[in-house]
Amino acid sequence: MAEQAHAPTETLALREQFNTAEQQKESSTFGMWVFLITEVMFFGGLFLAYTVYRNTYPVVFAMASTSLNAVIGALNTAVLLCSSFTMVMAVRAAQLGRRRALIWFLILTLFLGLVFLGVKAYEWNQKFVEHHVPGATFHFEGAAEQGPAQLFFSLYFAMTGLHALHMVVGAGILSWLLFHAVRGRFTAEYMTPVDIAGLYWHFVDIIWIFLFPLLYLIDRHMR
Amino acid sequence: MSEHVDSVKTYTVVWLILLALTGITTGVAYVDLGDFSVVIALLIAAVKMLLVALFFMHMRHSTKLTQLAAAGAFLWLFIMMAFTLADVWTRGLVGTQGR
């Protein structure tokens, strides 16, 4: 009975299971944060493994780390930070109900995300060329022990790979947002998907903010 | 709408600070600071994380519940790190056989 009374007034911004639009928005935001917290633990395990093995093999890890190109790494970090800026501008445009601005900032964010992945692909390819990919043909020049060096590059590929996977998922989410933004689904009253996709995108950015110094920069002064 | 809409200027300033910090952390990595290199690198990363979380993720406008939950993530991360490292870093200290 109550359902029938509510059904005609139900909107995207206020589904019938919520009392107010504000409550619905807060639930969505909180849901995304809870997911991100599980992601902290997900990546946390890898960061922990990195800490333990870097502590066990400090010299080999320093050598392996300095073989990465810090300049490319720094530029790629800048690309990612720019994409976070365009993402937050997209969210702002959505908050203000500016559809054209939203569409353009989403396109820019998607573009920068793909640039990041492209640079990452180039870097990975370099590792194959240099035989720095763990496996049968692995060879790291100058390291007395090949095992610990393989361990560093295993962690390098696992951490940057998992991060890149999140970027690919993010690119998919951005495409979905773009599709619906073009169709005019988001308004100043209802832009929750843009908002929580922004949270996800910035989170992936934060992961890279820690990956960059830990993988590329630590012990660089020793060379 | 009850939402806070931050100014373009705020976002631009935060963005430029983030880019500057990236440059600083890269540059300072080539300076020999001994064990402090790690500390400085992680400190800069933590500042960048806070800037992104507070401004880009609107943490400073979030509800107390969300802020508490996010802080909780670090509690669990701390427990995982501290307990594991308390084991790994102290192995061999006692000299027990079969450690």
Side-chain angles (χ1 to χ4, degrees), chain A residues 21-22 25-26 29-30 32-34 36-41 43-45 47-49 51-52 54-56 70-71 73-75 77-78 81-82 84-89 91-92 95-96 188-189 191 195 198-199 201-203 205-206 209-214 216-223, chain B residues 1-8 10-12 14-16 18-19 21-23 25-34 37-38 40-42 44-53 55-59 62-63 65-67 69-74 76-78 80-81 84-85 87-89:
Chain A
E22 207 167 323
K25 181 81 196 282
E26 274 170 21
T29 309
F30 186 61
M32 182 44 99
W33 273 103
V34 169
L36 294 183
I37 289 162
T38 68
E39 292 271 279
V40 169
M41 297 307 283
F43 279 99
F47 279 108
L48 179 60
T51 310
V52 167
R54 179 163 175 265
N55 186 65
T56 315
V71 176
L75 288 177
T77 308
L81 290 170
C82 291
S84 251
F85 174 70
T86 55
M87 186 70 220
V88 85
M89 290 301 287
V91 171
R92 186 176 183 276
Q95 283 176 329
L96 297 170
E189 286 70 39
M191 42 72 72
D195 203 24
L199 289 178
W201 192 261
H202 298 310
F203 173 81
D205 190 11
I206 287 177
I209 284 174
F210 281 94
L211 283 182
F212 169 59
L214 289 176
Y216 288 77
L217 296 181
I218 304 240
D219 301 318
R220 200 147 279 270
H221 59 268
M222 286 167 70
R223 269 285 162 99
Chain B
M1 283 206 39
S2 60
E3 279 196 57
H4 297 265
V5 181
D6 289 321
S7 68
V8 177
T10 307
Y11 289 144
T12 310
V14 172
W15 172 50
L16 292 177
L18 284 170
L19 289 181
L21 284 172
T22 303
T25 196
T26 309
V28 86
Y30 290 92
V31 184
D32 192 356
L33 299 168
S37 284
V38 189
I40 298 285
L42 287 178
I44 293 176
V47 171
K48 285 165 82 178
M49 173 189 72
L50 278 176
L51 285 174
V52 173
F55 290 91
F56 287 180
M57 296 170 92
H58 307 121
M59 200 74 191
S62 295
T63 58
L65 178 66
T66 307
Q67 290 175 350
F74 289 95
W76 297 116
L77 191 62
F78 171 77
M80 181 168 70
M81 292 264 177
T84 308
L85 296 179
D87 167 16
V88 175
W89 283 355

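Values below: every heavy atom of this structure, side chains too, minus hydrogens, waters and symmetry copies.
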Return the option, out of [options], with the maximum number of heavy-atom pairs under 4.5 Å with chain B.
{"options": "A/Gly44, A/Gly45, A/Cys82", "value": "A/Cys82"}
{"options": "A/Val91, A/Leu217, A/Ile218, A/Val71", "value": "A/Leu217"}
{"options": "A/Leu81, A/Leu36, A/Val40", "value": "A/Leu81"}
{"options": "A/Tyr216, A/Phe85, A/Trp33", "value": "A/Phe85"}

Look up atom [atom1] in [X] and atom [atom2] in [Y], then write down how far apart they are to the nearest 0.5 Å.
{"X": "B/Ile44", "Y": "A/Ile209", "atom1": "CD1", "atom2": "CD1", "result": "12.0 Å"}
{"X": "B/Trp15", "Y": "A/Thr86", "atom1": "CH2", "atom2": "OG1", "result": "9.0 Å"}
{"X": "B/Thr66", "Y": "A/Glu26", "atom1": "OG1", "atom2": "CD", "result": "7.0 Å"}

Can you tell if the side chain of [X] reaches within under 4.5 Å of the side chain of [Y], non-hydrogen atoms only?
{"X": "B/His58", "Y": "A/Thr29", "result": "no"}
{"X": "A/Ile206", "Y": "B/Met57", "result": "yes"}
{"X": "A/Arg92", "Y": "B/Thr10", "result": "no"}
{"X": "A/Val52", "Y": "B/Trp89", "result": "no"}

Tell me, for [X] versus chain B, whether the close heavy atoms (under 4.5 Å) come from the side chain, the backbone, both or neither.
{"X": "A/Phe212", "answer": "side chain"}
{"X": "A/Met41", "answer": "both"}
{"X": "A/Val34", "answer": "neither"}
{"X": "A/Leu48", "answer": "both"}

Out of [options], return the one with the most heavy atom pairs under 4.5 angstrom to chain A.
{"options": "B/Ala45, B/Gly23, B/Ser62", "result": "B/Ala45"}
{"options": "B/Val38, B/Asp32, B/Leu85", "result": "B/Asp32"}
{"options": "B/Leu18, B/Ile40, B/Val28, B/Leu33", "result": "B/Leu18"}

For [X], is it the side chain, the backbone, both, or neither that has a heavy atom closer than 4.5 Å to a heavy atom of chain A?
{"X": "B/Val88", "answer": "side chain"}
{"X": "B/Val8", "answer": "both"}
{"X": "B/Leu77", "answer": "both"}
{"X": "B/Thr63", "answer": "side chain"}
{"X": "B/Thr84", "answer": "side chain"}
{"X": "B/Thr25", "answer": "both"}

Subject >> For B/Ala69 against A/Phe30, the heavy-atom pair lying closest together >> reply: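 Nearest pair, atom of B/Ala69 first, then A/Phe30: CB-CE1, 3.7 Å.
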Original post:
With under 30° as parallel and over 60° as perpendicular, where do the rings of A/His202 and B/Phe56 fit, or are they tilted in between?
Top reply: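 Rings of A/His202 and B/Phe56: tilted, 30 to 60°.
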**OP:** List the steps, then state whether side chain to side chain contact (heavy atoms under 4.5 Å, CB included) holds for B/Leu42 with A/Leu214.
**Re:** CA-CA 8 Å; B/Leu42 287 178; A/Leu214 289 176; 3.9 Å; yes
Subject >> More than 12 heavy atoms of other groups within 6.0 Å of B/Tyr30 OH >> reply: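 Above 12, so yes.
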